[in-house]
Number of protein chains: 2
Amino acid sequence: MIYLDQAASSFPKPNAVAEAVGKAINEYGANPGRSGHRLARQASETVDLARRELSDFVQGPPAERVLFFQNATQAINQAIFGLGLSEGDHVVATVYEHNAVRRPLEWLKAEKNIEVTYLRPDDKGNFSIGSLKEAVRPETRLVAVTHGSNVTGAVIPVNEWGRYLKDQELFFLVDASQTAGVLDIQMKDWHIDLLAFPGHKGLLGPQGTGVLMTGIGVRLQPILFGGTGSHSADPLQPDVWPEGFQSGTLNTPGIAGLLAGLQEVKRIGMAEIRQHEEKLTARLLAGLSDIPDVSVYYAGTPERLGVVSFSLRGTDVHEVAMILDEHYDIAVRAGFHCAPLAHRELKTEDSGLMRVSTGPYNTEEEIDTFLNALREIREGLAE
Amino acid sequence: MIYLDQAASSFPKPNAVAEAVGKAINEYGANPGRSGHRLARQASETVDLARRELSDFVQGPPAERVLFFQNATQAINQAIFGLGLSEGDHVVATVYEHNAVRRPLEWLKAEKNIEVTYLRPDDKGNFSIGSLKEAVRPETRLVAVTHGSNVTGAVIPVNEWGRYLKDQELFFLVDASQTAGVLDIQMKDWHIDLLAFPGHKGLLGPQGTGVLMTGIGVRLQPILFGGTGSHSADPLQPDVWPEGFQSGTLNTPGIAGLLAGLQEVKRIGMAEIRQHEEKLTARLLAGLSDIPDVSVYYAGTPERLGVVSFSLRGTDVHEVAMILDEHYDIAVRAGFHCAPLAHRELKTEDSGLMRVSTGPYNTEEEIDTFLNALREIREGLAE
């Protein structure tokens, strides 16, 4: 199997990930923060260490402001709904937002009468700081933006955005679902108030993990209520970080696996990972440009991820993906990628797109095998 | 280590659990429901099989109405907030509810002006059907009740409650956090509309898993919004089960582990598990009754779990738990167990209680060792 669906979930994982998960299950499977005994303390220590290492990794807030969720989507829900936006408030986002950002915003539009401006890219797929400046207005309470598109692979310069936004009275939320573990992120220097990302993509951890980091100046309301281990007599959720936002038992094995994934990313080195991804992506783009009838969507953005979407004229993307899977044992993703506004922008809302996404363990040979397969499929379907 | 904190999280897990989790991570770590390729299909098949087996296990609804969450708390949040309760609606619960039920209800009280009646037990710790009948009124939209108390171990006869409530115009939610995998549960015959439970307690699965099952007659509003794999162009959450309630990437490894845990419960046999628990609990209660100054809270309920809470006069429960941990390598839990109304009812809201909880892998020898340790500690502290 050649796995080129890394933007959905990274695969394979480093061996250390399943080992750390198994160790948590088999050696200290107790409930962190709930009891005082040795096993529970060991579970708590693992979770605390993961908080600290994750925060260090992105120049984040104190460890108690590192929150764990089942996935990045829930982390983003907590971020957006936690701000208590109300009628008349305005939000700026982009057409590249994943439904994890868009649907909470659309719910607030429908139920709370907030307004949302979705910025559009220029004809090369770039978002200028000028368009951001134009969109922000006195009622803007939140700018929510993806660091990198899961459709076009375009990287949005959130560092520049943050430097501009720091003087505005609003919150800056960055969805780093496609970038955490791949691109440098500096919460503090870039003035990011809220940073969300999954554990199971670029950070190479297991599914079942998502992270929200919240700057120390941000007041947040919890969206889930329940047992918090401490302050248990309070009828309402206690205003305590992180407990007030972590109701119920945490996924300790998953968090242990995420920590192992993060440590592997640090061991390989993010610069090395990024360089490898750029090499594979350049090879992929060059190969695709040689295949007639292939249209890559916004290949030319100044900075881009190892996420490449394209169409093959005269073919159905789902059919091509199925042939790749069944006849070539190559996994890609065809469809809409949970980002409908991006597809509307690209005028592919009916057809969808084929997406190829790479990770640190993919090789140049795999890219070549994929390109050869695509050439054969094109010829076969053209016959 | 003698682990008697099973009510917080079961330990150890069957070997098959970490094996299934590791296999999911290492062999098919793709994103279920997101792509069409072989690995993603394998992930989807595991999740679907878990849905079906879990539903079969409790006479539950069709598989698409089996929803996965990070823990039972989130499942309960989805259940309670999903019903769209509004001002003037009335809810019946009990003082034995965990904060996972109580805090969502208190939030609705504070924010939506709903009313909540918390039923109190009689002086033996039992809840009569009569008190339920008295509490239900025309405005009652929801009866939310724990199947078994995580403090006293009392079992509430939810089968009788369900049979009475089936003729009322309301929803019946059962929190089976302490009972799933230990006591028989029959959603259909008992007319349970919503059933929530964790994967990591009696079902012997890993942390990071919680389940909500919803009867086919129940309309539910999602509480989390995001990518659903299908219907991605809809700006709002699609009204589709299960996708509309499962935003973001599922914890496939955790679900695979939960399935393995469930299969182990079925292999041992729940009758066997229950019989073993009753044997250990009887031994524990008999031993405790022989120790002067020990007060067990409501030992005499007609049906009880392997969850026993007690105080030891003249001692601090946290100190005793610490000595058990440090000097005897015995893990119990001391404190308030996230169930403050139960402690108020038991008049232990200042002191907390020591809780001993057993599981299928605990032995009579472990109970005896614990009892001997407690006797020694009592004598040592009395000196």
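Each chain gets a letter, A, B and so on, in the order the sequences are listed, and its residues count up from 1. Just the heavy atoms: all of them, side chains too, but no hydrogens, waters or symmetry mates, feed the values below.
Only the backbone of A:Val332 has a heavy atom closer than 4.5 Å to any heavy atom of chain B. Looking at A:His200, the atoms closer than 4.5 Å to chain B (heavy atoms on both sides) all sit in the side chain, from C-beta outward. Neither the backbone nor the side chain of A:Ile255 comes within contact range of chain B; no heavy atom of the residue lies under 4.5 Å from a heavy atom of that chain. Residue A:Pro12: no heavy atom, backbone or side chain, is found under 4.5 Å from chain B. Residue contact with chain B, scored on non-hydrogen atoms closer than 4.5 Å, involves the backbone and the side chain of A:Asn26 alike. Contacts of A:Thr228 with chain B are made by both backbone and side-chain atoms, with heavy-atom separations under 4.5 Å. When heavy atoms are compared at a cutoff of 4.5 Å, A:Ala72 does not approach chain B at all. Looking at A:Glu27, only its backbone comes within 4.5 Å of chain B, counting heavy atoms on both sides.
One N or O on the side chain of B:Asn99 and one on the backbone of A:Ser232 form a donor-acceptor pair closer than 3.5 Å. Using modelled atom types, one side-chain atom of B:Gln70 and one backbone atom of A:Gln70 make a donor-acceptor pair closer than 3.5 Å.
Considering CZ of B:Arg103 and CG of A:Asp234, their distance stands at 6.0 Å, rounded to 0.5 Å.
Of all the heavy atoms in B:Gly226 and A:Thr73, the pair that sits closest is CA-CG2, 3.9 Å. Between B:Leu224 and A:Asn77 the shortest heavy-atom distance is CA-OD1, 3.4 Å. Heavy-atom minimum distance, A:Tyr3 versus B:His37: CE1-CE1, 3.7 Å. Residues B:Thr249 and A:Ala8 come closest through the heavy atom pair OG1-O, 4.5 Å. Of all non-hydrogen atoms in A:Cys338 and B:Gly227, the two that sit nearest each other are SG-CA, 3.8 Å.
Of the listed residues B:Gln74, B:Arg344, B:Lys13, B:His98, the one with more heavy-atom pairs under 4.5 angstrom with chain A than any other is B:Gln74. The greatest number of non-hydrogen atom pairs below 4.5 Å with chain B, out of A:Val21, A:Val101, A:Ile25, A:Asn15, is found for A:Ile25.
Using modelled atom types, one finds a donor on one side chain and an acceptor on the other under 3.5 Å when comparing B:Thr252 with A:Gln207.
By the 30° and 60° cut-offs, the orientation of the rings of A:Phe81 relative to B:Phe225 is perpendicular.
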